[in-house]
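The structure displayed is predicted, hence computed values, not measured ones.
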Amino acid sequence: MITKKIGELFFGNSVFDEKEEYMKFCVRFLLVNMWCGFIFTGMFVVVEWLGINTIGPPNIQVMQTFTILSLLLVFLLRGHKERFRVIALIYAIACYFEYMSALLFVPQDEFRVIWFYTYFAGVYILLGQSAGIVATVITVPSIIIGNSFSSVPYSSNAMATIIISLLVTSVICYAYTSRSISFFRRMTEAIDLLRVQAAIDPLTGVMNARSYYAATDSLIQACLRTRAPFSVLFVDLDHFKLINDKFGHEAGDVVLKEAAACLAKNTRSGDALGRIGGEEFSMFLPNTDIAGAEVLAEKLRKSIEALRPSVGETIIKVTASIGVARNQPEHSSITDIQRLADQAMYLAKKEGRNRVTCFSKIVSNN
């Protein structure tokens with residue numbers, strides 16, 4: 001709990017989804033940099049005030065401004081990840097002027113130019129390769145020109161070393177960030193592919209049982225919030241075991257694929273369709289009452305009956321029994337309503353198959 005509170009203090013409470021992992025890193029990296037800018041630049045300001053380390057009036061004013069700006073940008077970014085690009089750009093510009101000020105107004109510090117090396121790395125990581133190249137193109141000539149105005153300029157040999165090493169640093173940062181971002185994108189694409197493969201039934205291309213139940217539970221919660229009706233169709237292919245036994249498993253696979261394609265073709269964008277068993281499919285219909293669900297079920301039954309899957313020269317007749325159920329006040333999960341649709345489907349089987357049965361009619365008949 002204490003660690004969480006400290007984390008929120010420094011980084012805010014922005015929420016990042018699984019696809020924003022790199023952005024999460026960049027936001028936190030920027031916040032760390034700005035906290036460091038505030039703390040350590042502030043320390044330079046304090047030691048100047050105490051007379052321990054003389055910096056000089058022009059640069060101390062720039063450092064004071066930079067310290068205040070760093071803290072302000074921290075609080076503007078915390079909890080507002082959408083501001084990242086703008087704040088990163090402002091902070092990069094502020095750093096540029098801070099380091100140029102040190103170059104011009106603190107000639108007694110021989111190592112003042114070292115800040116530009118960290119500057120390049122930060123720009124490449126936070127703003128990307130294009131921004132890094134622009135920073136290099138602007139900074140290198142600025143250092144050359146700024147050195148000529150310095151009261152204690154670097155020697156020509158020192159400048160040659162500084163400029164060449166800065167260019168090498170820029171090239172290394174470009175190569176590293178390019179490779180890192182490329183690797184991250186490939187890794188993200190691979191994870192997305194694995195996620196899709198884990199959610200999809202490989203034979204039929206519709207959702208598997210696990211992903212279907214997860215999706216429908218989310219849809220149910222949305223319907224409950226708005227008090228919208230929802231229904232479920234439980235679709236079971238008739239005599240499927242007989243098809244496998246008579247024509248072989250290859251024929252069974254063809255039947256499953258064509259039946260799933262038929263169901264998917266009649267699925268609306270907001271609906272959910274899953275294969276939940278060998279020859280069993282379930283279709284969740286948000287914002288749909290029992291009348292609308294029954295109409296769709298009958299349409300699906302006729303469409304499946306019209307299918308003519310073939311294996312070689314063998315044409316197979318396919319039918320389905322479909323159970324229909326609408327949510328009840330006590331329903332809060334897919335298992336609640338699907339149990340009713342399952343019962344309706346078994347009654348359709350009992351009454352001769354290739355038909356649609358609604359659970360509400362079972363209740364009324366009883």
Side-chain angles (χ1 to χ4, degrees), residues 26 28-74 77 87-177:
C26 287
R28 294 201 166 194
F29 181 73
L30 176 57
L31 283 166
V32 168
N33 272 269
M34 293 191 300
W35 274 116
C36 289
F38 166 71
I39 294 170
F40 295 115
T41 308
M43 290 173 60
F44 276 110
V45 173
V46 171
V47 296
E48 162 70 18
W49 289 345
L50 297 175
I52 299 173
N53 181 43
T54 303
I55 297 175
N59 192 52
I60 197 64
Q61 293 171 357
V62 174
M63 295 181 75
Q64 289 171 350
T65 303
F66 181 81
T67 302
I68 296 170
L69 179 62
S70 296
L71 186 61
L72 175 62
L73 292 176
V74 163
L77 180 58
I87 291 178
L89 180 60
I90 293 172
Y91 188 68
I93 294 171
C95 287
Y96 168 80
F97 284 107
E98 160 70 4
Y99 303 153
M100 284 302 300
S101 173
L103 178 70
L104 292 170
F105 303 122
V106 194
Q108 66 272 21
D109 183 359
E110 297 89 347
F111 291 99
R112 62 195 183 278
V113 76
I114 202 170
W115 296 109
F116 287 105
Y117 296 90
T118 61
Y119 174 66
F120 281 178
V123 172
Y124 272 106
I125 293 172
L126 294 171
L127 293 170
Q129 294 96 323
S130 297
I133 293 172
V134 171
T136 303
V137 170
I138 293 174
T139 301
V140 170
S142 297
I143 292 174
I144 296 173
I145 296 171
N147 185 65
S148 65
F149 287 96
S150 175
S151 58
V152 184
Y154 287 105
S155 66
S156 57
N157 287 340
M159 282 299 296
T161 300
I162 290 169
I163 297 305
I164 293 173
S165 60
L166 280 173
L167 292 174
V168 170
T169 300
S170 180
V171 170
I172 292 173
C173 289
Y174 179 91
Y176 180 79
T177 53

Single hit among F29, F97, F66 for ring pair (Phe, Tyr, Trp, His ring centres under 6.0 Å) with Y91: F66
With a cut-off of 6.0 Å (strictly less than), are more than 12 heavy atoms of other residues, nucleotides or ligands near CG of L72? yes
Let me confirm one number: the CG-CE distance from N147 to M159, rounded to the nearest 0.5 Å. 4.5 Å
Heavy atoms of A121 and C173 approach each other most closely as CA-SG, 3.7 Å
Which heavy-atom pair separates G132 from S170 by the least distance, and what is that distance? O-OG, 4.5 Å
What are the two closest non-hydrogen atoms of G146 and M100, and how far apart are they? CA-CE, 4.5 Å
Would I162 and Y154 satisfy side chain to side chain contact (heavy atoms under 4.5 Å, CB included), going step by step from the backbone distance to the final call? CA-CA 9 Å; I162 290 169; Y154 287 105; 4.0 Å; yes
Of T139, I125, L167, which meets side chain to side chain contact (heavy atoms under 4.5 Å, CB included) against F120? T139
Output, in order, the C-alpha distance, side-chain angles, deciding distance and verdict of side chain to side chain contact (heavy atoms under 4.5 Å, CB included) for M43 and V47. CA-CA 6 Å; M43 290 173 60; V47 296; 5.6 Å; no
So CG of L166 and OG1 of T161: to nearest 0.5 Å the spacing works out to 10.5 Å
Scanning both residues in full, the closest heavy-atom pair of L103 with R112 reads O-NE, 3.1 Å
What is the minimum heavy-atom distance between G42 and T67, and which atoms define it? N-OG1, 3.6 Å
Any idea how Y174 and Y124 line up, ring-wise: parallel (<30°), tilted (30 to 60°), or perpendicular (>60°)? perpendicular
In terms of heavy-atom contacts, L127 and A92 come closest through CD1-CB, 4.2 Å
